[in-house]
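Notes follow the structure.
None of the values given here were measured: they were computed from a predicted structure.
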Amino acid sequence: MTRHLPPAAVAACLLFAAALAGCGTDAPAGGDDGLAADTPQTSPAMTAAEAEWRSERRERLLAEDGWASLVGLHRLELRAHYIGSSATSGIRLAHGPAKLGLVQQDGGRVYFTPEQGVAVAVGEAPVTGRIELRDAREPDPTELLFDDGQGRLSLVTRGGHRALRVKHAEAHGRTAFGDLEYWPVDAGWLVDARFEPHPAGRTIEIANIVGGVDLLPNPGAVEFSRAGSDYRLEAIDGEDGGLFLILADRTNGHASYGAGRYLDTAAPDAEGRVTLNFNRAYNPPCAFTDFATCPLPPPENRLDLAVTAGEKAYVKPAGT
């Protein structure tokens, strides 16, 4: 279920980082960002494991269908849109043929008809006539391939509105991708936590950066302690039985991305124990592209804590 977020609430969500930055005046001093922790402790094995994770993360971002390849999010406003890279296209693509095809909304469904003579495929099957575009949230979503597979187009629903999400291997944000910066690996940010389950079927409202609110499964919360204080994070269903945490902390808008970070965990064990490896806190896709629709931290997950671990704010190279 999705509903639209009032403008005032959207503004509040987007400005939460500024509020967090002002939470108290006793942020730990030291370092070039004023938020340095104590001297990091690690081991060769942990350092190697984290380096491997960081390398794999970069590879995922830079894959041909990774977030760095995202070049457009085009809302479907009319019953029919001609799409292509020409200036006369109703929906103008950043990359691709001058005329790609026609997108139509009809009877609650969305259809695509390719331009004559333009090669478009779904998987390895050429598209030669009108086909239905199945939404990315459906079990068998449709992804159109064009430009010899370099371009990818899919249908998404955000805030109750349909849009075309477009990726291209030649996206400047991908070909000129910059460096990912991290705090030093620190075993002190490998934190033992406890999972507290919620009643089955519980959901939580999660605002996104484009102004909508989604109701997402909320299986429980994780609780942990740090420097004598207790903290709690509401969890969303993750992969393979794990948990997905959307969090904000006092580094946001300083050394880390202003709209918060994400953290994945393994499934809690039979006693509810789960490990939070904040060294693997990472930026949402909207840190790298203007066309992502990132979920934002709920109010419950805004920590009055400087998490000086994990991925720092991404600095886009000039021109991207």
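- With sequence neighbours left out, the side chain to side chain contact (heavy atoms under 4.5 Å, CB included) criterion links V122 to V127, I131, T142, L144.
- Contacts of R130 classified as side chain to side chain contact (heavy atoms under 4.5 Å, CB included), with partners at least two apart in sequence or in another chain: Q104, D106, Y111, T113.
- Ring geometry, W189 versus F278: the interplanar angle exceeds 60°, so the pair is classed perpendicular (tilted spans 30 to 60°).
- Side-chain contact, D147 with H95: no donor N or O sits under 3.5 Å from an acceptor N or O.
- In this structure, F244 has its ring center closer than 6.0 angstrom to the ring center of Y262.
- Among residues two or more places apart in sequence or in another chain, the side chain to side chain contact (heavy atoms under 4.5 Å, CB included) test is passed with A163 by L73, V156.
- Atom-to-atom distance recorded for E77:CD and H161:NE2 is 8.0 Å, nearest 0.5 angstrom.
- Taking the centre and axis of the six-membered ring of Y282, the NZ or CZ atom of R57 falls outside the cone set by 45° and 6.0 Å.
- For the residue pair D230/S225, the side-chain donor-acceptor check at 3.5 Å is satisfied.
- Scored by the ring pair (Phe, Tyr, Trp, His ring centres under 6.0 Å) test, Y82 finds no partners at all (sequence neighbours excluded).
- For S86, the side chain to side chain contact (heavy atoms under 4.5 Å, CB included) test picks out T88, S89, A98, with sequence neighbours left out.
- Between the side chain of K167 and the backbone N or O of D65, at least one donor-acceptor pair lies under 3.5 Å.
- Salt bridge absent: R232 and E196 never bring a charged side-chain N and a carboxylate O closer than 4.0 Å.
- Clustering ILVMFWY residues whenever any of their side-chain heavy atoms sit less than 4.5 angstrom apart, transitively, puts L102 in a cluster other than the one holding I91.
- Of the candidates N277, T42, N279, N277 is the only one forming a side-chain hydrogen bond (donor to acceptor under 3.5 Å, both in side chains) with E50.
- Shown here are the side chain to side chain donor-acceptor pair (under 3.5 Å) partners of D269, two or more places apart in sequence or in another chain: R273.
- Salt bridge absent: R162 and D135 never bring a charged side-chain N and a carboxylate O closer than 4.0 Å.
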* Asked: After noting the C-alpha distance and the side-chain angles of V166 and F291, does the key distance pass the side chain to side chain contact (heavy atoms under 4.5 Å, CB included) rule?
  -> CA-CA 9 Å; V166 185; F291 304 110; over 6 Å; no
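- Rounding to the nearest 0.5 angstrom, the gap separating the CD atom in E223 from the CZ atom in F195 is 10.5 Å.
- A heavy-atom distance below 4.5 Å is found between the side chains of F224 and L233.
- To the nearest 0.5 Å, the span separating CG on L164 from CZ on R75 amounts to 12.5 Å.
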